[in-house]
Amino acid sequence: MSRILPSDLEWMADALRLAKKGLYTTSPNPRVGCVIVKDGVKVGEGWHQKAGEPHAEVHALRAAGDEARGATAYVTLEPCSHYGRTPPCAEGLIKAGVARVVGAVRDPNPSVAGRGYEMLRQAGIEVVESCLEAEAGAINAGFMKRMRTGLPYVRIKLAMSLDGRTAMASGESQWITGSAARRDVQALRAQSCAVITGAESVIIDNPSMTVRPDEAGLDIPEGLCRQPLRVIVDGAHRVSNEATIFDKPGDILIAARTPPASPINRDTSLGALNYWAGERDEHTDIDALLRHLATQGSNEVLIESGAKLAGAFVSAGLVDELIVYCAPTLLGSDARPLLSLPLSEMKQQIRWQWQDVRMIGNDLRLTLHPDTSTATKKA
């Protein structure tokens, strides 16, 4: 296998920068960047902007034109080898006459993994793999997981006080954190394919759960902003059509234990309203719900809910990332806890690993992943 050169790392970092431009727009497709370099000079670049539109390699090759012949292409994900809504990018690179392709990570789809690289090698093109592989995988953590396991990448977002409380005993929770933290949550929503909340949160907080890019200052190209699917886990059909969430644009899915006797009516011009039903142990089957969302193309799922539903996802081992915004305030011992977990002994504790701690306004944002040495993960 050809070796990675120091210059390859620099150009791949540039391609990864381009891939991140699709953070809020490309799903269900992966975020991909491409840079074409000839004689040490960049002659073309591109990034995948939206599903159904040209891939990163196509944009870069168009920009490079004839200069692509004999050049090196840096691609953050293995060039596709199959016909979908667009032709195979591996074929496009071959036709353009590139001499060398440096890739970051293989296509995670088991049925095609490695096939794009093989097409290039069969055409006499030098292929270098695994250049900044970990960094490229992190950009597409949801896509990688969905392709490999049939489950989306799941984040839980919670806001708590210094004493670990999320709401008053009555359920009142607006607002624990400051405006900067709330803007930060907008970015989490924007990069998510689906946002899950519970019936109790809808009834008590009456949220909209929408992405508002202008309010949050998100760098989303005009015309590419999308609303994530909003999912309400409402096992007992408690939510009414008077909730604000139904008046805001975007598709909604209501997940329950059983189909509704009287479905909620909604203005179809705002988006679709669908139901999904699945029951397990007298509760809505959240594992099956996540698998259903994955089949619909959800790479990343954000859970914004109360302690009970969030605790259920944690207890089931379905959470990949926990993001907690901690505000410098105290809510008292009667306030509601961060998570509702049926633990009674120290040996039952669920450990996490610190990934990042930073200030967001006057609040702390804590990012954690499950401790894989002790946690049991579902696949």
Side-chain angles (χ1 to χ4, degrees), residues 145 149-173 176 194-205 207 231-239 254-258 276-294 301-327 330-355 366-379:
K145 185 184 177 189
T149 71
L151 282 167
Y153 187 90
V154 178
R155 293 184 180 90
I156 288 186
K157 184 280 296 182
L158 295 165
M160 73 175 187
S161 61
L162 278 175
D163 48 353
R165 304 293 172 166
T166 61
M168 304 309 293
S170 64
E172 180 187 0
S173 63
I176 296 174
V195 179
I196 298 178
T197 193
E200 187 170 1
S201 295
V202 172
I203 293 169
I204 295 176
D205 296 333
V231 182
I232 305 171
V233 177
D234 185 16
H237 301 291
R238 299 164 55 201
V239 173
I254 297 180
R257 294 163 53 192
T258 58
W276 176 91
E279 184 174 8
R280 184 175 184 179
D281 299 329
E282 299 183 349
H283 295 283
T284 303
D285 191 337
I286 55 176
D287 184 295
L289 171 60
L290 289 177
R291 293 184 183 278
H292 169 72
L293 292 175
V301 169
L302 177 65
I303 299 170
E304 295 189 64
S305 71
K308 186 175 180 180
L309 181 59
F313 276 98
V314 171
S315 294
L318 294 169
V319 179
D320 299 288
E321 187 171 296
L322 183 64
I323 298 178
V324 182
Y325 295 88
C326 181
L330 301 170
L331 297 185
S333 57
D334 290 335
R336 297 187 179 189
L338 184 69
L339 295 164
S340 179
L341 297 170
L343 309 180
S344 58
E345 300 177 336
M346 283 295 291
K347 66 181 181 181
Q348 295 176 297
Q349 63 182 288
I350 303 171
R351 289 192 173 273
W352 297 77
Q353 295 178 331
W354 295 107
Q355 300 298 313
L366 315 173
T367 303
L368 306 96
H369 291 173
D371 186 341
T372 55
S373 66
T374 59
T376 300
K377 295 273 296 192
K378 290 198 173 187

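The distance from atom CG of Leu322 to atom CD of Gln353, rounded to the nearest 0.5 Å, is 13.0 Å. With values rounded to the nearest 0.5 angstrom, Leu162 atom CG is found 7.5 Å from Met160 atom CE. One finds the CG atom of Leu158 at 9.5 Å from the CD atom of Glu304 (value rounded to the nearest 0.5 Å). In this structure, CG on Asp234 lies 11.5 Å from OG on Ser201, to the nearest 0.5 angstrom. Between atom OG of residue Ser315 and atom CG of residue Leu341 there is a gap of 4.5 Å, rounded to the nearest 0.5 Å. Rounding to the nearest 0.5 Å places CG of Leu338 at 6.5 Å from OG1 of Thr166.
Inter-residue side-chain proximity for Ile196 and Ser305 is flagged as unmet; no heavy-atom pair is nearer than 4.5 Å. Using a 4.5 Å heavy-atom threshold, the side chains of Lys145 and Leu151 count as touching. Side-chain atoms of Asp371 and Trp352, non-hydrogen and from C-beta on, never get closer than 4.5 Å to each other. Side-chain contact check for Val319 versus Pro370: every heavy-atom pair is 4.5 Å or farther apart. Two residues are said to be in side-chain contact when any heavy atoms from C-beta on lie closer than 4.5 Å; Asp205 and Thr197 fail this criterion. Between Ile286 and Leu318, the closest side-chain pair of non-hydrogen atoms falls below 4.5 Å. The shortest distance between side-chain heavy atoms of Thr284 and Trp276 falls below 4.5 Å. For the pair Ile323/Leu302, no side-chain contact is recorded, criterion being any heavy-atom separation below 4.5 Å from C-beta on.
Heavy-atom minimum distance, Ser161 versus Cys326: O-SG, 4.0 Å. Closest of all the heavy-atom pairs between Leu339 and Gly311 is CD2-N, 3.8 Å.
Taking the charged nitrogens against the carboxylate oxygens, Glu200 and Arg336 do have a contact shorter than 4.0 Å, which makes a salt bridge.
Residues satisfying the salt bridge (charged side-chain N to carboxylate O under 4.0 Å, His left out) test with Arg257, not counting sequence neighbours, are Glu279. Applying the salt bridge (charged side-chain N to carboxylate O under 4.0 Å, His left out) test to Glu345 and every residue at least two apart in sequence or in another chain returns Lys347.
Counting heavy-atom neighbours within 6.0 Å of Glu282 CD, excluding the residue itself, gives a total of 12 or less.
Asp320 places a side-chain N or O within donor-acceptor distance of the main-chain N or O of Val154, the cut-off being under 3.5 Å. Judged by distance alone, the side chain of Asp163 and the main-chain N or O of Leu331 form a donor-acceptor pair under 3.5 Å. A donor-acceptor pair under 3.5 Å is formed between the side chain of His237 and the backbone N or O of Thr258.
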